[in-house]
Protein chains: 2
Amino acid sequence: MGNNQDIQNVSKATIGRLPAYHRYLKEKMAAGERTVSSTAVAEDLHLNAVKVRKDLAVISSVAGKPKLGFSIADLIDGIDRILGYDNVTDAVIVGAGGLGSALVGYGGFKAYGLNIVAAFDNDPERIDTTLGGVKVFDSNDLVRLVRRLNVLIGIIAVPASAAQSVADELVEGGVRAIWNFAPVHLTLPANIAVKNEDMAASLAILSKRLAEILNSEK
Amino acid sequence: MGNNQDIQNVSKATIGRLPAYHRYLKEKMAAGERTVSSTAVAEDLHLNAVKVRKDLAVISSVAGKPKLGFSIADLIDGIDRILGYDNVTDAVIVGAGGLGSALVGYGGFKAYGLNIVAAFDNDPERIDTTLGGVKVFDSNDLVRLVRRLNVLIGIIAVPASAAQSVADELVEGGVRAIWNFAPVHLTLPANIAVKNEDMAASLAILSKRLAEILNSEK
DNA sequence: ATTATATCGATATGTTTTTATCGATAAAAT
DNA sequence: ATTTTATCGATAAAAACATATCGATATAAT
C-alpha cells in the first residue's frame, strides 16, 4: 500500500477524496456505464465541478474528452495505482474488544490494501480466539511478533488509558504508521506516521454544519 | 449541542482541533495546573505555536497573560460553550451489530454533548435487547419513533447496502444531521448535515504520510 | 528599582485548497 | 457540412489555513 511514488505528487485534499470517487466509479461501472463527466460526478457527490475535474485529471492517465468525459475503467485503475489498492500491506490491530472486533469485522480493508494479519489483547478470555479469521495473540508477545511479522502498520483500538503504552510497543516492534482510534494524543517519534480517528472531532464538525443549517433557516 | 451561535464564527479547522485541546486541558487540570501557555500546548500536541495561540484566543473569554498564558478552567469553559458540551442533544443509532454496539459502548458520547436515546435494528435476535443501557427497537418503527422522540441526529452503522434507505427514513422522521459510518455516499436533501466517517479516506491519508516518511529516508 | 524573559497579540507573508472564468474541442444535432 | 453544445484544460482569483516576525507587556529574577 502507498509505498509507491505516485501518492506523493497528489495533494492531501485530493487523496482524501479518492476513496469516495472509487466507490462511486465502481457503482457506475457495475451499472454498465463506461464514461463519466466531472460535472455529473460533482452533482452526484455534491462537490464543486472544477475541483472534481482537477482531481480526475490527476487520476486519469489519458485526457478527458469533451462531451464524453473520462473513462471509468481508467479512473478506477488510476485510483488503485495511487492508493496502492492493488498491492496489499500487512497490519496488526491491538484491542479485540468492541471496537477492535467491529473494525476487523467491518472487513473490506483488504480491498483498501490493508491486510490484518494478527490481533492482540490482554484479556485471557479473548486470547487464542479468532476474530473474522484473525487470531488474537497475547499482548505480551506484541513486540516480538510484530517484529517477526515485519509489519509496518498498527491499529490501536484499546481504551484511552492503554493507548500510549501500546503505541510505544508497536514502535518498538518496528511499526512505522499508527492508526489510532483511542481518544488520546499519542506522543511518538517524528518519523512515525500517525492518524488519529477522533470521533469527538468528527462530531464537532457535524455539529457545526447542523448549527449552520438550522441557523440559516430562521 | 451546537445549537448556539458561537460555533458559527470559528473556523472549521479550529473546530476540529477543539476536542483534542479539551482532552489535553482536562488532563492538565486534573494534574492540578491552573494555566497553560500556547507554547507548551503546541509542544505537547505537536502543533505550531502561533496556530495554537490563535485557537486559544478564540476559545478564551479573557486575554492571555505574558509569562503565564491562559486560564485552563476558562479555556475548558470556552470549548464547552462553543461545542455545546454543556447542553446535550439527543440522537439515535441505526444498526446494533458490531460497529453499532462498539459505538454505543465506546461511550463517552454524552461527554461530547450527544445522548443516544434509542437504537434500531432489523434482526429479531437484537430487537428488544439493550446495548449499554440503550434499548434496541425494530427498524420498522424507526420513522414513527424518531418523530415522536423529536431527535435531530441520526447515526448510521448498518451495512453499505442498507445505508441509503436508512438515511431516507431518518430524514423522514425529522432528523437534520446524519453521522454516516457506512462506506457509501448518501444522497440527501441539501438542508441535511452529513458527516461521513470514511475509514478508507483516513487510511489513504495515513498511507500518504507513511509513504512520505519512508521516502524521505532513502 | 531595574533588568531579563517568556509569552502574548497583531501584522504580514506564505501555502494550500477551492472556486470562477473562458477559450478550445470533440461529439451530437441539424 | 455546419452549427450547437457539453465538457475539457488552463489560467486566474479568492478563500481558507498555516507559519513567520516583532514590538508590547506582565511576571519573575536580579
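Atom CG of B/N9 is separated from atom P of D/dA16 by 13 Å (rounded to the nearest Å). Atom CZ in A/F70 sits roughly 17 Å away from atom P in D/dA6 (whole-Å rounding). At whole-Å resolution of the value, CD1 in A/I59 and P in D/dG9 are 12 Å apart. Protein atom NZ of B/K51 is 14 Å distant from nucleotide atom C1' of C/dG14, rounded to whole Å. Per the geometry, NZ belonging to B/K54 stands 11 Å off C1' belonging to C/dT13, to the nearest Å. Atom pair B/D55:CG and D/dT19:C1' shows a separation of 13 Å (rounding to whole Å applied). Atom CG of A/L56 and atom C1' of D/dA10 are 16 Å apart (whole Å).
No donor-acceptor distance shorter than 3.5 angstrom exists from the side chain of B/S60 to the backbone of B/L56, with no hydrogens or angles considered. A/D80 contributes no side-chain N or O that, together with a main-chain N or O of A/G84, makes up a donor-acceptor pair within less than 3.5 Å. Of the possible donor and acceptor atoms, one in the side chain of B/N180 sits under 3.5 Å from a partner among the backbone N and O of B/V184.
Using a 4.0 Å cutoff on non-hydrogen atoms, no part of residues 185-200 of chain B comes near DNA chain C. Of the residues in residues 17-50 of chain B, those with a non-hydrogen atom less than 4.0 angstrom from any atom of DNA chain D are B/R17, B/N48, B/V50.
Between B/D74 and B/R34, none of the side-chain N atoms (NZ, or NE/NH1/NH2) sits under 4.0 Å from a carboxylate O, so this pair counts as no salt bridge. A salt bridge links A/D55 with A/R17: the closest approach of a Lys/Arg side-chain nitrogen to an acidic carboxylate oxygen falls below 4.0 angstrom.
Scanning both residues, B/L214 and A/R176, for their nearest heavy atoms gives CD2-NH1, 4.1 Å. Scanning all heavy atoms of the two residues, the minimum distance from A/Q164 to A/H185 falls at OE1-O, 4.1 Å. The two residues B/A201 and A/G16 have their closest heavy-atom pair at CB-O, 3.5 Å. Here the closest non-hydrogen pair linking B/K208 and A/I15 is CD-CG1, 3.8 Å. Considering all non-hydrogen atoms of both residues, A/V166 and A/V158 come closest at CG2-CG2, 4.2 Å.
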Using the 3.5 Å cut-off, write out each protein N or O paired with an N or O of nucleotides 24-30 of chain D and the distance between them.
none

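Listed nucleotides C/dT21, C/dT17, D/dC17 differ in distance to A/R53; the shortest reach to its side chain belongs to C/dT21.
B/H22 and B/Y112 have their aromatic ring centers separated by at least 6.0 angstrom.
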